[in-house]
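The structure appears below as structure tokens.
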Amino acid sequence: MATIDAHTYSSIYGPTTGDVLGLGDSGLVVRIEQDDVAYGDEILGGCGKTWRDGFYVRGSAGDSELDLLVSNVVLIDPVLGVRKTCIGIKEGRVVGMGRAGSPDVVDGVDLVVGPHTALVPGEGLVATPGAVDSHVHLASPALVDVALSAGITTMVGMGIGGVWDVGVNPRYNIHTLTEAFAEVPINIMLLARGSTTDRGAMQAALDAGAGGFKVHEDYGASPACIDACLTVAESADVAVALHSDSLNEFGLLADTIEATAGRTIHAYHVEGGGGYPDLLEILQEPHVLGSSTTPTIPYGKHTLEELFPMTMNVHRQTPLFASDIDTTHSRLHEAGIQAENHLHHRGAISIINSDALGMGRIGEMVRRTWQLASHPALGAGGGADADTRTVLQFLAKITVNPAIAHGIAQHVGSLQPGRLADIVLWDPAWFGTKPELVLKSGFVAWGAAGQGNGSTRSCEPRVMGPYFGAMGAAPRRLAATFVTENSMRGGQLVPGPTYLPVRGTRGLTRADMWHNDAVPRVHVPRDGSPVEVDGHPVQVAPLAHVPYGQGAYLA
Amino acid sequence: MHLTPHEQARLLVATAADLARRRLARGARLGATEAGALITDEVQEWAWDGLPLSEVVRRAGSVLRADQVLPGVPAKLHHLQIDALFPSGTLLVDVIDPVGQPGEKLAGSGESTVTADRPEMIELNAGRPKREVTVTNRADRTVRVTSHVDFASVNPLLDHDRTTTSGWRPDIPAGSSISFQPGETRTVTLVAMAATRKRA
């Protein structure tokens, strides 16, 4: 009887069923729930290995031949769970998971490897879907490289660069920005400014290539704007992201909720850092999909202190107006931030996004998600099964849930068969911080590359940057621009990019959010005392030290 | 200066290594990025001075102690591959676990380790038909046979009854091999290949 000891097995082939794998330096762990490969039939590339003609490579695989296989990887997917598997890819999309090889040699083959299939060895690595950042101010092109280097492969963005803006309008700007993004290996959805009652202008923006709307108080978030924007969104099937009225100028939170009239809306900044001071109460509405942003995740020792200048700077407040100083102070809610952190673990806030360059850091969306997930006072460290649930809950907040909210979950946010093969591969020790490789539509587009003169492909210093999928015209093939189905038939899109349709945004409720579908009662006391969730006051102590921080980054 | 991309990368390492030295000098613990740079930088300079390759590899493990780095760092620096310019030319300095074994847990650290919650030993090819075959190597050199080869197709000088081995492969871990020395006779266990395959 051939046997192998468990430690040697996981060192060679990667962890297997029953193994508990640590994710980065937080203590957060996942349990491998299943292994699709039979012990003894693992696929391995290299001299004397099984990835050879007549072994696991079928002499002629015909039409079923895969373009690429990621082998023996620990998949962590918000929908598929945690499993050791191989991922098969063809024409940029995931074909399936399971046992790979040649049916002539091993039984139960799910993924037939042909003579020309490419191999990304995944032994010892973790695969997650590329992250979806659903709140990005496209104020500078510098954020694209940073996003890819953090494992973000889809951005929902607004602004045209060098300006303060909350949308992309009108057609000339939409077309120009769309052409720019065709050259980078990251999916993009442009949100048009929805802060208007001019329905014709909003429809024109969708026809020109916007994939949704942003309503923002800096440009107008009155009940009339919200109603008009939702009306256009309902007929076009796109999402509306709302940064509501901090000033209570046009009414109270109840008036905004009334303006939505039960129509699905993505509420940004539910902690109240942007929008109504008592915005957390909006989480009581099942048709509201809530998100919050990087600066308050996790709540730290100096979170409140840094928010004052950040808010002043971003929202163009002047210290020369006492009223601006007062307004900014009114947006800083310590009790709200504590409750926000709690409500993420409760699963009531379904999405985390960056607010990049507009009060948030795009390179920190992923790591801050794991910093909050591993928060010792909020339930992490409760054992492998509890941690695994927490990992899937928090992964969903930055992958499948924003994808569902914006109508692109049939393409991104999970690695279910049929989705784009936007896959981030992590060394478990570096999990959540610096990816090894980022596959965009099944092609290596970004990652840690060793020196060009290296004798191996990993000679120090390894530097995050482009692979061939990011070069030349490759991004046009690999990255998508998300637009409405109507616009794809309307003839007003700028030619060139790969367009994919937005679908299924309307009628969504919290129940559609994976692992984050709680609708608790929330009360925000007017005097700044602790927020009450289901009648219980919530307090969370600030963190003084975070994992996924100084251990992984030199600055 | 006529700098190549490779030399520019070396300067990046030197800068990061200096940052690491400044942090160490004031008693701060290092993260993985600057710790890796410091080890790489030291290796590069020992190479420059012409220390023997094996000595450079050995010394790479003495640059940093585990208590000089932050929790989780040893696991992040599991393997460094450093191309360094020696007086004799460029050589690969291959360094494994230079800051202690990742398994050596520091108090409060969250090292990325795999712990097994299952039997210590894993049975391979369980429940499949197996048989034994006696083989003599008639070649004047070593012949190696890997896990998933159809045994009837191996080197003709591996003398055995081939009518019994078609559709059977060695019962060993995937990707490993067994070697037959010149003239050696030994018995090996075979395991049945796919059920759909024609088998002796």
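Within every chain, numbering begins at 1; the chains are lettered A, B, ... in the order of the sequence lines, protein sequences first and strands thereafter. If you're wondering where the values come from, they're calculated on a predicted model, not measured in any experiment.
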Atom pair [atom1]/[atom2] of [X] and [Y] - distance to nearest 0.5 Å:
X: B:D41; Y: A:E460; atom1: CG; atom2: CD; value: 12.5 Å
X: B:M121; Y: A:H7; atom1: CE; atom2: NE2; value: 13.0 Å
X: A:F55; Y: B:R169; atom1: CZ; atom2: CZ; value: 10.5 Å
X: A:S458; Y: B:D83; atom1: OG; atom2: CG; value: 11.0 Å
X: A:D25; Y: B:L70; atom1: CG; atom2: CG; value: 8.5 Å
X: B:Q8; Y: A:Q451; atom1: CD; atom2: CD; value: 10.0 Å

Side chain / backbone / both / neither for [X] at chain B, heavy atoms under 4.5 Å:
X: A:L554; value: both
X: A:R52; value: side chain
X: A:Y13; value: side chain
X: A:P547; value: neither
X: A:Q550; value: both

**Message:** At a heavy-atom distance under 4.5 Å, which candidate from A:L44, A:V29, A:N453 has the highest pair count against chain B?
**Reply:**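 Most heavy-atom pairs within the cutoff with chain B belong to A:N453.
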
**Greatest number of heavy atom pairs closer than 4.5 Å to chain B - which of A:G108, A:A552, A:A555** =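 The candidate making the most pairs under 4.5 Å is A:A552.
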
**Request:** Give a yes-or-no answer on whether the side chains of B:K76 and A:T433 include a donor-acceptor pair shorter than 3.5 Å.
**Result:**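 No donor-acceptor contact under 3.5 Å links the two side chains.
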
**Message:** For a quick check under 3.5 Å, do B:Q81 and A:T456 share a side-chain donor-acceptor pair by atom type?
**Reply:**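 The criterion, which ignores hydrogens and geometry beyond distance, is satisfied for A:T456 and B:Q81.
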
With a 4.5 Å heavy-atom cut-off, do [X] and [Y] have their side chains touching?
X: B:L124; Y: A:T3; result: no
X: B:E123; Y: A:Y39; result: no
X: B:T33; Y: A:K434; result: yes
X: A:V105; Y: B:R197; result: yes
X: B:L92; Y: A:C459; result: yes

Considering only heavy atoms, which portion of [X] lies under 4.5 Å from any heavy atom of chain A: side chain, backbone, both, or neither?
X: B:T40; answer: side chain
X: B:T189; answer: neither
X: B:V13; answer: side chain
X: B:R144; answer: neither

**Prompt:** Are there more than 12 heavy atoms of other residues, nucleotides or ligands under 6.0 Å from atom CZ of A:R457?
**Reply:**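 No.
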
**Prompt:** Counting only heavy atoms not in B:H79, do more than 12 sit closer than 6.0 Å to its NE2 atom?
**Reply:**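 Yes, because the 6.0 Å sphere around NE2 of B:H79 holds more than 12 heavy atoms from other groups.
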
**Message:** Applying salt bridge (charged side-chain N to carboxylate O under 4.0 Å, His left out) to B:R128 and A:D41, what does each step give before you reach the verdict?
**Reply:** CA-CA 12 Å; B:R128 298 194 203 164; A:D41 278 337; 2.7 Å; yes

**Asked** Mind checking what makes salt bridge (charged side-chain N to carboxylate O under 4.0 Å, His left out) contact with B:K130, not counting sequence neighbours?
**Response**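 Listed in chain order: B:D171.
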
**Request:** Kindly write out the residues that satisfy salt bridge (charged side-chain N to carboxylate O under 4.0 Å, His left out) with B:E45, not counting sequence neighbours, or none if the list is empty.
**Result:**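 Once residues adjacent in sequence are excluded, the partners of B:E45 under the salt bridge (charged side-chain N to carboxylate O under 4.0 Å, His left out) criterion are B:R10.
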
Most heavy-atom pairs under 4.5 angstrom with chain A, which of [options]?
options: B:S177, B:P173, B:A192, B:A126; result: B:P173
options: B:T4, B:N125, B:L12; result: B:N125
options: B:G31, B:A195, B:G175, B:A174; result: B:A174

